[in-house]
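Both backbone and side-chain heavy atoms feed into the values below; hydrogens, waters and symmetry mates do not.
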Amino acid sequence: MIELRPYQSSAIQAVSDEFQRGHNHTLVVLPTGTGNKIVFAKVVESSVLNGKRALILAHRGELLDQASDKLKFACGLDTALEKAESTSLGRFERVTVASVQTLCQERRLAKFPKDYFDLIVVDEAHHCMSESYQRILGYFDTAKVLGVTATPDRADQKSLGKFFDSKAFEYTLNQAVRDKFLCPVKAQMIPLELDIANVGFSNGDYAVGEIGSALEPYLNQISLEMLNYCKGRKTVVFLPLVKTSQNFCELLNVHGFRAAEVNGASKDRDKILKNFEDGEYDVLCNSMLLTEGWDCPSVDCIIVLRPTKVRSLYQQMVGRGMRLSPNKKELLLLDFLWMTERHDLCRPSALISKDEQIAARIDKKMMDNESGIDLIAAEDEAESDVIREREESLARELEAMKKRQRKLVDPIQYALSIAAEDLANYTPTFAWEMSPPTERQLDYLEMHGIYPESVTNCGLATLIIDKLKTRQFEGLATPKQIRCLERYGFYHVGTWSFEAASKMITRIANNRWFLPRGIDPSKYVPEGAKA
């Protein structure tokens, strides 16, 4: 028996809830290093205990091995293998782990009844929109599907929402760091300008061949800079090409590092990885080989020399160093001054913030601080600055709204009033979210003080309604209370309790709807509310 972490238990329950709601294709998003395989193993175990068959899909042998090991470790379940000459047909095991490259072949698929599997788990689900995955998922079209990923973004912009009905659960990287399930990240800017302005694009990202050529002139300088930061650390370097990786490894050894290089053709790859883990090497170079399916918790320095505009790829690279390990205080993430006219290059801020304003402030703090920054602390500070600016904007908006007769609250105004970033930045992803709101939803919103005509899709309506119900359960101020008091110039009313808001409105009403003497609304904080 293993003891599940609280978020793992929540994720497992959320998957069950989504399936019961009729969302048969659902996602779980957990950061690298937080045990996503434990989660899907437990979902599979529940299915098997109910007499069902389960299929686990992955595109790499290491992921198949890890899935089998985790099912045995966490649930005591044996698995059958569908790969190359091995087949699961005729085996007694209720769980099959399958290579996508093998199972997607039409002759292979045709051997299975279409209803053979009741549950399909897609490991590293951000790959599932590819043709090979879709061929398998389309064949077993009656099965429930659980997609598990640390990185829900897609390089080619194909939305996972085209296949998945819902996101059952998401545990963010910054929350995992705050909860001490992942290690803190210190982002350090290296003042070395790397010019990639002339690098072209291929398949939605920087062309790796051109990056390799652009990077070559800087490799010696980078290795010299590493002498200042990487001594005593276990470092992994991600590079764009195998040749670039090999050249950089040679330079590092010339400069006194104990460096090794691995790539897809390395015959002794497993030995090199084991020796690195055991401390025989202190730097490991690779050409994007180690983004998935490899764990070494003691890694405490990551260097990304493969610039990317794909947030998911960047998270995968950095995630290799975020696991907890004895005597490991932090992950050092070294960043360089990539000279490019593009503004969508991933920087350390991409790990923890999807808000462009907050991310830009985090990056500026890193560039201005020679000794590096703690990403979580920088996010808190940047978020505070941005919220203050938004509140100033809200105050101007509220001043203008005093002249309006509308009694209901605009959804965006409500989001800013309660400091709900997820609501303010909401974008529909899944097909059901994009559909129009139902009449029942619109009636509920209007009854609770939200202007319904500004709610344009079902997903936004659902999110607002969830916020309203949660706040009601927590005894917080209602939208109508917030709107009323903000029109009198009060701030942070979204943090007030229902009772405190009610008392202030009663005082104002008893004073013929004028502010009571001695009340400065811009400074007033009710007892028990956050200042």
Side-chain angles (χ1 to χ4, degrees), residues 5 7 29-34 150-151 170-192 222 225-238 282 296-305 307-308 311-338 345-390 419 421-422 425 530:
R5 295 170 176 176
Y7 65 85
V29 181
L30 295 173
T32 299
T34 55
T151 49
E170 181 172 11
Y171 188 56
T172 63
L173 185 144
N174 53 1
Q175 190 60 51
V177 173
R178 294 177 192 276
D179 293 342
K180 302 187 186 311
F181 291 121
L182 291 177
C183 73
V185 181
K186 178 183 179 182
Q188 175 72 56
M189 169 58 69
I190 307 300
L192 177 60
I222 294 170
E225 288 288 350
M226 285 176 59
L227 290 171
N228 299 320
Y229 300 97
C230 300
K231 286 295 185 182
R233 290 185 177 270
K234 184 168 286 190
T235 303
V236 175
V237 187
F238 290 92
D282 46 34
C296 181
S298 55
V299 169
D300 62 352
C301 181
I302 294 287
I303 302 175
V304 176
L305 294 179
T308 179
R311 188 167 173 264
S312 58
L313 177 58
Y314 190 79
Q315 288 178 317
Q316 285 178 308
M317 290 186 280
V318 179
R320 296 304 113 192
M322 293 199 64
R323 282 178 167 81
L324 301 176
S325 184
N327 303 317
K328 179 177 172 180
K329 295 181 179 180
E330 64 187 11
L331 168 67
L332 177 63
L333 174 57
L334 298 184
D335 194 49
F336 294 87
L337 285 167
W338 299 101
L345 175 71
C346 285
R347 310 302 293 267
S349 58
L351 296 169
I352 58 172
S353 181
K354 295 181 181 179
D355 186 293
E356 292 183 4
Q357 283 183 282
I358 294 175
R361 289 175 182 267
I362 294 171
D363 289 335
K364 187 176 186 306
K365 291 178 186 295
M366 180 181 63
M367 292 178 185
D368 292 343
N369 194 320
E370 294 182 359
S371 58
I373 60 170
D374 178 277
L375 277 184
I376 298 298
E379 184 203 27
D380 289 341
E381 187 177 344
E383 186 176 35
S384 177
D385 292 343
V386 169
I387 288 175
R388 185 181 65 253
E389 291 178 2
R390 288 176 179 170
E421 182 182 334
D422 58 338
N425 297 319
K530 296 179 181 179

How long is the straight-line distance from [atom2] of [Y] back to [atom1] of [X], given to the nearest 0.5 Å?
{"X": "I376", "Y": "L351", "atom1": "CD1", "atom2": "CG", "answer": "9.0 Å"}
{"X": "E383", "Y": "I358", "atom1": "CD", "atom2": "CD1", "answer": "4.5 Å"}
{"X": "Q357", "Y": "D385", "atom1": "CD", "atom2": "CG", "answer": "11.0 Å"}
{"X": "L324", "Y": "K180", "atom1": "CG", "atom2": "NZ", "answer": "10.0 Å"}
{"X": "L331", "Y": "L182", "atom1": "CG", "atom2": "CG", "answer": "10.0 Å"}
{"X": "Q175", "Y": "Y7", "atom1": "CD", "atom2": "OH", "answer": "11.5 Å"}

Evaluate the side-chain proximity of [Y] to [X]: yes if any heavy-atom separation is below 4.5 Å, no if none is.
{"X": "L192", "Y": "L337", "answer": "no"}
{"X": "L333", "Y": "K186", "answer": "no"}
{"X": "F238", "Y": "T308", "answer": "no"}
{"X": "V304", "Y": "D335", "answer": "no"}
{"X": "P307", "Y": "F336", "answer": "no"}

Could you pull out all residues at least two apart from [X] that satisfy salt bridge (Lys or Arg N to Asp or Glu O under 4.0 Å)?
{"X": "R233", "value": "D300, E330"}
{"X": "D374", "value": "none"}
{"X": "D363", "value": "none"}

Judged by atom type as modelled, is there a donor-acceptor pair below 3.5 Å linking the side chain of [X] to the main-chain atoms of [Y]?
{"X": "Q188", "Y": "E370", "value": "yes"}
{"X": "R361", "Y": "A382", "value": "no"}
{"X": "E170", "Y": "V29", "value": "no"}

Side chain to side chain contact (heavy atoms under 4.5 Å, CB included) filter on R323, not counting sequence neighbours, yields T32, D295, P297, R320
Using the test side chain to side chain contact (heavy atoms under 4.5 Å, CB included), find all partners of C230 that sit at least two apart in sequence or belong to another chain.
M226, T235, F257, C301, I303, L334
Just jot down the side-chain hydrogen bond (donor to acceptor under 3.5 Å, both in side chains) partners of [X], sequence neighbours excluded, or say none.
{"X": "K365", "answer": "E381"}
{"X": "K234", "answer": "S298"}
{"X": "K364", "answer": "D368"}
{"X": "Y171", "answer": "D179"}

At their closest point, which heavy atom of [X] faces which heavy atom of [Y], and how far apart are they?
{"X": "L375", "Y": "I352", "value": "O-CD1, 3.2 Å"}
{"X": "S353", "Y": "A359", "value": "OG-N, 4.0 Å"}
{"X": "M322", "Y": "V185", "value": "CE-CG2, 3.4 Å"}

